Amino acid sequence: MLEHIELFFKSIFIDNMVFSVFLGMCSYLAVSKKVATAVGLGAAVIFVLAVTVPLNWLLDQYLLRDGALAWLGPEYADYNLSFLSFILFIATIATMVQLVEIVVEKFSPALYNSLGIFLPLIAVNCAILGGSLFMQARDIQTLGLAFNYGVSSGIGWFLAILAIAAIREKIRYSNVPAPLRGLGITFIITGLMGIGFQSFGGMLTGGDEAPEVVEQTTAQKIEKKEKEIKKEIDEKTVSYNNIIKE
């Protein structure tokens, strides 16, 4: 349970897709002018990541990685299909995005029209593919953790685009210098938010490997100093005796 909680908060705040590795920036910048649009796209990203990361975990465990085909028989244990990872991951993502597009068009035509081309472009959103590739690189052990990672990564991206959309709606009424209006001030705010999210880096690491600090009392320090002086006197005495003997 602790492992799930740690992965959840780490994926949202510490390894945030936007503010940590800057993935999915095209959709993040283009669809963040209004909060309503940002919420719709963010929800779609959460759904796609929640479905594709576990599916791609299954593909990786039972088809792609070295020795994954051992369940078919010993003669297949030496096969390594990892070179197909990109193709199969993207195929899974494209299928889920197509499903999301159909559902949104059916039940929310207004949101579908406001998202425009960026809804089908989720298929090539690097944050979506990055979720599956990070899952593979981190060697996540169970399907439950893979689902957790997909959902939490999607929530992290959702919070990022929701935050910048809210700021951009308010900043319209601010006196922004003309050269910085539009994407200029958006990039600056994104950078500042990224710096802010970096402060969460120590949130889950405190106390893991705390160094042992031995606090010396005054008596211990005096005793140590006396031993050093005694050792020095003994060395000088031995040298003096050697000189007398010679």
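What you see is a predicted model; the values in this text were computed from it and never measured.
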Nearest heavy-atom pair of L64 and N80: which atoms, and what distance? O-OD1, 3.3 Å
How about W57 and Q136: do any of their side-chain heavy atoms sit closer than 4.5 Å? no
Just do the side-chain hydrogen bond (donor to acceptor under 3.5 Å, both in side chains) check on R168 and S32 with the steps written out, would you? CA-CA 7 Å; R168 291 181 75 176; S32 59; 2.8 Å; yes
Mind running side chain to side chain contact (heavy atoms under 4.5 Å, CB included) on I189 and I171 for me, showing each step along the way? CA-CA 11 Å; I189 295 172; I171 210 170; 3.5 Å; yes
Please confirm whether the backbone N or O of G24 pairs with a side-chain atom of S27, one donor and one acceptor, at under 3.5 Å? no
V53 side chain near F134 side chain, heavy-atom distance below 4.5 Å: no
Quick one: does any side-chain atom of S153 pair with a main-chain N or O of Y149 as donor and acceptor, under 3.5 Å? yes
Using a 4.5 Å cut-off on heavy atoms from C-beta on, say whether the side chain of F158 contacts that of V45. no
Could you tell me if the side chain of E101 sits less than 4.5 Å from the side chain of Y112, heavy atoms only? yes
Check the surroundings of atom CD in E3: do more than 12 heavy atoms from other residues, nucleotides or ligands lie under 6.0 Å from it? no
For I12 and I155, which heavy atoms make the closest approach, and how far apart are they? CD1-CG2, 3.8 Å
Considering non-hydrogen atoms only, spot the tightest contact between T52 and I93 and give its length. CG2-CA, 3.8 Å
Could you tell me whether the side chain of E169 and the main chain of V35 form a donor-acceptor pair under 3.5 Å? yes
Are I167 and M193 packed together at the side-chain level, in the sense that at least one heavy-atom pair is separated by less than 4.5 angstrom? yes
Identify whether F22 and I195 are in the same connected component of the hydrophobic contact network (ILVMFWY, side-chain heavy atoms under 4.5 Å). no
Donor-acceptor contact below 3.5 Å, side chain S85 vs main chain S82: yes
Are L7 and L2 joined in one hydrophobic group, where the rule is that I, L, V, M, F, W and Y side chains link up if heavy atoms are under 4.5 Å apart? no
The test is side chain to side chain contact (heavy atoms under 4.5 Å, CB included); show your working for L63 and L58 and say whether it passes. CA-CA 8 Å; L63 185 63; L58 292 172; over 6 Å; no
Which heavy atom of N56 sits nearest a heavy atom of S132, and at what distance? ND2-OG, 2.7 Å
Is a donor on one side and an acceptor on the other found under 3.5 Å between the side chain of W157 and the backbone of V18? no
Can you tell me if OH on Y173 sees more than 12 non-hydrogen neighbours from other groups inside 6.0 Å? no
Is a donor on one side and an acceptor on the other found under 3.5 Å between the side chain of Q141 and the backbone of D139? yes
Quick check on F147: does its CZ atom have over 12 non-hydrogen neighbours (other residues, nucleotides or ligands) under 6.0 Å away? no
With heavy-atom distances below 4.5 Å as the criterion, would you say the side chains of T95 and L55 are in contact? no
Flag side-chain contact, heavy atom, 4.5 Å: L49 against V151: no
Under the 3.5 angstrom rule, does the side chain of N148 hit a backbone N or O of H4 as a donor-acceptor pair? yes
Would you check if N16 and Q198 make a side-chain contact, meaning some heavy-atom pair closer than 4.5 Å? no
Do Y79 and Y76 make the cut of ring centroids closer than 6.0 angstrom? yes
